[in-house]
Amino acid sequence: MKKTLTALTLSLGLILPFSTFAKNNVVVVATGGTIAGAGASSTNSATYTAAKVPVDDLLNAVPQIQNLANVTGVQALQVASESITDKELLAIARKVNELVKKPEVNGVVITHGTDTLEETAYFLSLTVHTDKPIVVVGSMRPPSALSADGPLNLYSAVALAAADDAKGKGVFVLMNDDIFAARDVTKTINIHTNAFSSQWGSLVEGKPYLFRNVAKRFNNASEFNIENIKGDTLPLVQIVYGSGNMLPDAYTAYTAYAKAGAKAIIHAGTGNGSVAKNIVPTLTELQKQGVQIIRSSRVPQGFVLRNAEQPDDKYNWVVAHDLNPQKAKLLAALALTKTKDAKDAKEMQRIFWEY
Ligand code: DGL
């Protein structure tokens with residue numbers, strides 16, 4: 001990229017400041033969240049309204065990012081991320097896909113609310129075919145607060161998106177100097193700046209340090225492509241959170257949905273995706289009705305072992321492996337764009353082994 005531009009520049013006799021073509025081009029796609037929030041006073045670090053500050057103000061508040069890359073901004077959405085539906089998720093993926101297809105764009109940063117940041121990041125890793133760095137970033141304090149974390153998070157996210165050695169390594173999440181892989185990261189603390197875990201790399205003073213690679217399929221290696229997804233909705237998948245004293249009603253409620261479109265249910269079970277014995281008949285019946293049952297776990301560490309706590313082969317259930325329930329929901333929805341229905345349980349399980 002830089003060599004082409006240099007040759008072109010010289011042939012046209014254009015003299016650009018050296019710094020212009022010594023830097024990569026990064027586009028910041030703003031969607032809202034706390035990183036764009038506004039509180040009543042500087043001491044309101046947790047009481048504020050998300051999704052208020054426009055992208056240009058976010059960029060102008062950190063002029064140092066222009067030393068890292070040629071940075072421009074796009075306001076794709078202005079929402080709190082808990083309100084992102086399939087419509088907004090697909091719009092973000094289509095915008096990112098459009099940008100990475102432009103030869104002059106070297107990297108993309110997405111500013112996003114932290115509540116569902118991990119889901120958007122994972123969806124981008126499954127559906128956007130590129131080896132250009134894509135970095136999703138948020139903050140736990142609004143820019144109006146004392147020691148706001150957003151400006152440095154944005155600076156570091158731009159540094160990562162502009163780094164040539166970040167290419168071909170999948171979609172990143174950058175928070176609090178930590179670099180995470182979209183597939184593995186999850187929000188583990190809901191009110192502190194060290195909110196995310198599954199450290200994977202680090203970014204300090206504008207320089208990335210990467211220590212691991214993603215073992216599963218992503219971006220160019222994914223069989224899912226945002227360019228092949230039509231409309232504003234994905235196949236409907238819902239999550240039921242497991243606990244003691246479970247009632248089948250939460251599942252049977254989806255039976256109505258099953259007729260209207262819920263083609264899979266993520267059972268966020270206790271322990272190793274356990275299913276209470278009074279719930280088993282309901283789930284086996286739903287499976288017969290064509291609703292794919294997928295066992296995941298409410299426990300953040302570890303993974304659900306197939307045929308361990310439950311005879312998955314016998315019931316034709318799928319296990320989500322180490323994916324948390326909210327990511328399993330996204331993968332199941334994408335899998336359902338390929339599989340016909342719950343009769344395709346083997347194909348669905350293949351997808352959960354590979355992504
Ligand atoms: N409403 C939450 C969101 O937009 C605020 C959390 C945050 O962005 O850190 O995700």
Side-chain angles (χ1 to χ4, degrees), residues 28-59 61-62 73-93 95-96 108-125 134-158 160-161 171-180 182-199 203 239 241 300 324-327 329-330:
V28 174
V29 177
T31 72
T34 299
I35 195 168
S41 82
S42 61
T43 53
N44 287 124
S45 59
T47 306
Y48 56 83
T49 305
K52 286 290 179 198
V53 179
V55 64
D56 288 344
D57 292 2
L58 294 180
L59 303 187
V62 192
V74 170
Q75 191 79 48
L77 298 169
Q78 185 69 293
V79 295
S81 72
E82 66 271 19
S83 302
I84 288 178
T85 70
D86 286 353
K87 183 168 188 279
E88 290 77 21
L89 179 65
L90 290 163
I92 294 169
K95 172 52 73 178
V96 171
V108 176
V109 168
I110 297 98
T111 56
H112 195 290
T114 59
D115 285 7
T116 64
L117 187 149
E118 65 200 76
E119 292 156 73
T120 297
Y122 183 48
F123 189 75
L124 294 173
S125 80
I134 297 172
V135 184
V136 190
V137 65
S139 74
M140 296 304 290
R141 297 175 184 148
S144 50
L146 286 173
S147 305
D149 54 329
L152 181 56
N153 283 352
L154 178 59
Y155 177 84
S156 297
V158 169
L160 185 57
V171 174
F172 299 105
V173 168
L174 189 290
M175 286 291 290
N176 200 41
D177 293 349
D178 281 326
I179 299 173
F180 300 104
R183 184 186 180 282
D184 308 329
V185 72
T186 191
K187 188 173 182 180
T188 51
I189 305 173
N190 66 0
I191 202 156
H192 297 158
T193 53
N194 58 329
F196 287 77
S197 70
S198 101
Q199 189 192 343
L203 199 133
I239 301 171
Y241 192 87
N324 65 26
Q326 54 271 30
K327 289 180 177 178
K329 172 175 174 279
L330 286 168

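Residues take their numbers from the sequence shown, with the count starting at 1. Just so you know, ligand 1 is whichever comes first in the structure, and atom 1 is the first atom listed for that ligand.
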Q: Using side-chain hydrogen bond (donor to acceptor under 3.5 Å, both in side chains) as the criterion, list what pairs up with Y155, not counting sequence neighbours.
A: none
(Q) Looking only at side-chain N and O atoms, does Y48 offer a donor or acceptor that is under 3.5 Å from a partner on S144? (A) no
Q. Does any non-hydrogen side-chain atom of T114 lie less than 4.5 Å from one of M175?
A. yes
Q) Can you name the side-chain hydrogen bond (donor to acceptor under 3.5 Å, both in side chains) partners of N44, sequence neighbours left out? A) S41
Q. Of all residues at least two apart in sequence or in a different chain, which pass the side-chain contact (heavy atoms from CB on, under 4.5 Å) check with T31?
A. L77, I92, I110, H112
Q: Could you check S139 against N153 for side chain to side chain donor-acceptor pair (under 3.5 Å), going step by step and ending with a plain yes or no?
A: CA-CA 7 Å; S139 74; N153 283 352; 5.7 Å; no
N/O contact list for ligand 1, threshold under 3.5 Å:
| from | atom 1 | to | atom 2 | distance (Å) |
| --- | --- | --- | --- | --- |
| ligand 1 | 1 (N) | E82 | OE1 | 2.7 |
| ligand 1 | 1 (N) | E82 | OE2 | 3.4 |
| ligand 1 | 4 (O) | S81 | N | 2.8 |
| ligand 1 | 8 (O) | T34 | N | 2.9 |
| ligand 1 | 8 (O) | T34 | OG1 | 2.8 |
| ligand 1 | 8 (O) | T114 | N | 2.9 |
| ligand 1 | 9 (O) | T34 | OG1 | 2.9 |
| ligand 1 | 9 (O) | T114 | OG1 | 2.5 |
| ligand 1 | 9 (O) | S139 | O | 2.8 |
| ligand 1 | 10 (O) | S81 | OG | 2.5 |
| ligand 1 | 10 (O) | T114 | N | 3.2 |
| ligand 1 | 10 (O) | D115 | N | 3.0 |

